[in-house]
Amino acid sequence: MAQEYDLVILGGGTGGYVAAIRASQLGLKTAIVEKGLLGGTCLHKGCIPSKALLRSAEVYATAKKSEDFGVEIGEVQLNFPRVQERKNQIVDQLHRGVQHLMKQGEIDVYEGIGRILGPSIFSPMPGTISVEMNNGQENEMLIPKNVIIATGSRPRSLPGLEFDGEKILSSDEALSLTELPKSIIIVGGGVIGIEWASMLNDFGVEVTVIEYADRIVPTEDHEISKEAARILKKKGVKIVTSAKVLSESLQIENTQVSISAEVKGEQQSFKGEKILVSVGRQANTENIGLQNTEIQVEKGFIQVNEYFQTKESHIYAIGDVIGGLQLAHVASHEGIVAVEHIAGEKPDPIDYSLISKCIYSNPEMASVGLTEQEAKDKGYHLKVGKFNFRAIGKALVYGEADGFVKIIADKDTDDILGVHMIGPHVTDMISEAGLARVLDATPWEVAHTIHPHPSLSEAIGEAALAVDGKAIHS
């Protein structure tokens, strides 16, 4: 029997399940169709499991230098199966929490693959959802007034470097390693690649990063990239930039793989036990029935308006499947805006320049707003303040004095245009800068927010003072 809904969401990842909860709050009868596990990539193959591993790597690295803190614990040993067990426990706990939220919101969950049908006996418009059930039972037919596509993305491979789960890994497969390799080549020095490089280095793996651009994390401010490379190299990570991987040179042997890259006109060869390919993610737009609609797809991503409506005005799309900032917190907010628009709430469109971005490597990186180069390209007259963590007492207490906070402001209006951080716990500090951007704050306003002492956040206040040459501790 066909079931009628106000809203059916294809995909129960972070964007999808948050949209479902908001729809429930607004009184919409809602269903989610999810072929895997509620929580999606973020909970099961991305944000949460990778951060659990990063935390274990951080603890291991800290334990190895415990004598610096006057703590003698003898030889430190890594129990990697226990590391994985802890990661799985965290994921399982959060997964149960999402399941509880679905029951609490009276949101129906269909476990299977949902496909959009064209006009049919069920509806004169495209949008009826046929669910191929995971349990093999007869397809369920869902008739919604509105649809949100939140099918997410998957790791992108390179021609000639297709994932085999053994020697050539995606980040999905790397999360399930049962033992650590002695060495690894990471193809791609973006956000995910650098998080893995940091983590594996802290675990004691010999890491080589090969990046096509002329610097790692190339979407970050150039000074952040430079400092990240300096710190990672100091820790023993080999970083090769301006390098084009030659996939045809790949050789796989029993105990190692080798590959060459063209580096600034010269060919270099690299060897390791495994290769991790980290060159971005591609949207999951296949096999969901888009061909039965007028929905437009360009460069692999579904095209939407500011309220996330597709060409079919009753079908919306959010998250990684529309491109842009492929971040869990972005997908969640996109879902909320889409649902509120469906419900007639007149939400404000998202200003993506106000969204904070985080990299959870060691050192951490975080940013919001324009980089210095982006601001220059837009014609702003700039003033820049920068303050190093080495002058912050709390950073020295932590034994993590590398890094800095950088604030970029408009010389004409005094508005803060961008804030960029690298160093200890900056992913926990960036929201202050995010709020400053939302409120169109000036460096003066941030500087006159009295930051507690001793705290890492003092670096934000000092950087704000530094914009006008008034930093106290430099």
Side-chain angles (χ1 to χ4, degrees), residues 3-44 46-48 94-95 97-116 127 129 131 142-153 283-285 288-290 295 301-310 312-350 352 355:
Q3 300 291 325
E4 295 185 358
Y5 289 94
D6 295 315
L7 174 64
V8 171
I9 301 170
L10 297 184
T14 309
Y17 86 70
V18 169
I21 292 170
R22 184 67 183 123
S24 174
Q25 291 173 343
L26 292 170
L28 302 180
K29 184 181 179 184
T30 303
I32 284 177
V33 182
E34 170 56 54
K35 69 176 182 179
L37 297 171
L38 286 171
T41 293
C42 177
L43 178 51
H44 299 281
C47 318
I48 300 302
L94 292 172
H95 180 229
V98 176
Q99 290 175 313
H100 170 73
L101 291 172
M102 297 301 99
K103 292 178 182 176
Q104 180 176 278
E106 298 182 344
I107 298 160
D108 294 335
V109 178
Y110 293 85
E111 297 179 356
I113 299 174
R115 298 182 179 89
I116 302 170
I129 306 297
V131 183
L142 312 182
I143 308 174
K145 295 176 183 176
N146 297 277
V147 176
I148 294 179
I149 300 170
T151 47
S153 65
N284 294 325
T285 58
I288 58 174
L290 295 186
I295 293 172
F301 298 108
I302 295 175
Q303 301 301 294
V304 295
N305 66 13
E306 60 187 352
Y307 298 110
F308 308 105
Q309 289 173 291
T310 67
E312 304 278 3
S313 61
H314 62 297
I315 302 178
Y316 294 65
I318 64 167
D320 287 7
V321 81
I322 66 171
L325 290 177
Q326 293 182 309
L327 303 169
H329 51 289
V330 174
S332 296
H333 201 72
E334 289 171 347
I336 290 170
V337 170
V339 166
E340 291 182 350
H341 189 260
I342 287 169
E345 294 283 304
K346 298 181 181 179
D348 291 328
I350 295 174
Y352 288 90
I355 295 174

Only residue of Val339, Ile336, Ile318 satisfying side chain to side chain contact (heavy atoms under 4.5 Å, CB included) with Val18 is Ile336

**Request:** Report yes or no: do Gln99 and Tyr17 form a side-chain donor-acceptor pair below 3.5 Å?
**Result:** no

- Message: Once you measure the plane-to-plane angle for Tyr307 and His341, does it fall in the parallel (<30°), tilted (30-60°) or perpendicular (>60°) bin?
- Response: parallel

| task | Indicate yes or no: at least one non-hydrogen side-chain atom of Tyr5 is less than 4.5 angstrom from one of Asp108. | result | yes

Distance col, row Gln3:CD vs Ile129:CD1, nearest 0.5 angstrom, shows 14.0 Å

Between Gly114 and Val33 the two heavy atoms that sit nearest each other are N-CG1, 3.5 Å

Is a side-chain donor or acceptor of Thr41 paired with a backbone partner of Gly46 at a separation under 3.5 angstrom? no

Any ion pair linking Asp6 and Lys29 (charged N to carboxylate O, less than 4.0 Å)?
no

Scanning both residues in full, the closest heavy-atom pair of Phe301 with Gly323 reads CD2-N, 3.3 Å

Correct closest heavy-atom pair for Thr30 and Ala23 would be OG1-CB, 3.3 Å

Are the side chains of Ile342 and Ile148 in touch, meaning some heavy atoms are under 4.5 Å apart?
-> yes

Check: Below 4.5 Å, heavy atoms only, C-beta onward: do Met102 and Ile21 meet side chain to side chain?
Finding: yes

Residue pairs meeting side chain to side chain donor-acceptor pair (under 3.5 Å), one or both in residues 318-333, sequence neighbours left out, come to Ser153-Asp320

Can you find a pair of side-chain heavy atoms, one from Val321 and one from Thr285, that are under 4.5 Å apart? yes

- Query: Any sub-3.5 Å donor-acceptor pair from Glu334's side-chain atoms to Gly319's backbone N or O?
  - Reply: yes

d(Asn146 CG, Ile315 CD1) to nearest 0.5 Å is 9.0 Å

The reported gap from OH in Tyr316 to CD1 in Ile149 (rounded to nearest 0.5 angstrom) is 12.5 Å

(Q) I'd like to check Val131 versus Leu142 (side-chain heavy atoms, cut-off strictly below 4.5 Å). Are they in contact? (A) yes

Shortest non-hydrogen pair, Val337 vs Glu306, comes out as CG1-O, 4.4 Å

**Study point:** Crowding at CD, Gln309 (>12 non-hydrogen neighbours, <6.0 Å)
**Key:** yes

- request: Please report the C-alpha distance between Ile302 and Thr310 in whole Å, then the side-chain angles of each, then the deciding distance to 0.1 Å, and finally whether the side chain to side chain contact (heavy atoms under 4.5 Å, CB included) criterion is met.
  value: CA-CA 8 Å; Ile302 295 175; Thr310 67; 3.8 Å; yes

Of all heavy-atom pairs linking Gly16 and Ile9, the shortest is O-CD1, 3.5 Å

Separation between CG (Leu28) and CD1 (Ile107), nearest 0.5 Å, reads 10.5 Å

So CG of Leu325 and CD1 of Ile355: to nearest 0.5 Å the spacing works out to 5.5 Å

Mark yes when over 12 heavy atoms from residues, nucleotides or ligands other than Glu4 sit less than 6.0 Å from its CD; otherwise mark no. no

Has the side chain of Glu34 got a donor or acceptor atom that lies under 3.5 Å from a matching backbone atom of Gly36?
-> yes

d(Leu7 CG, Ile32 CD1) to nearest 0.5 Å is 9.0 Å

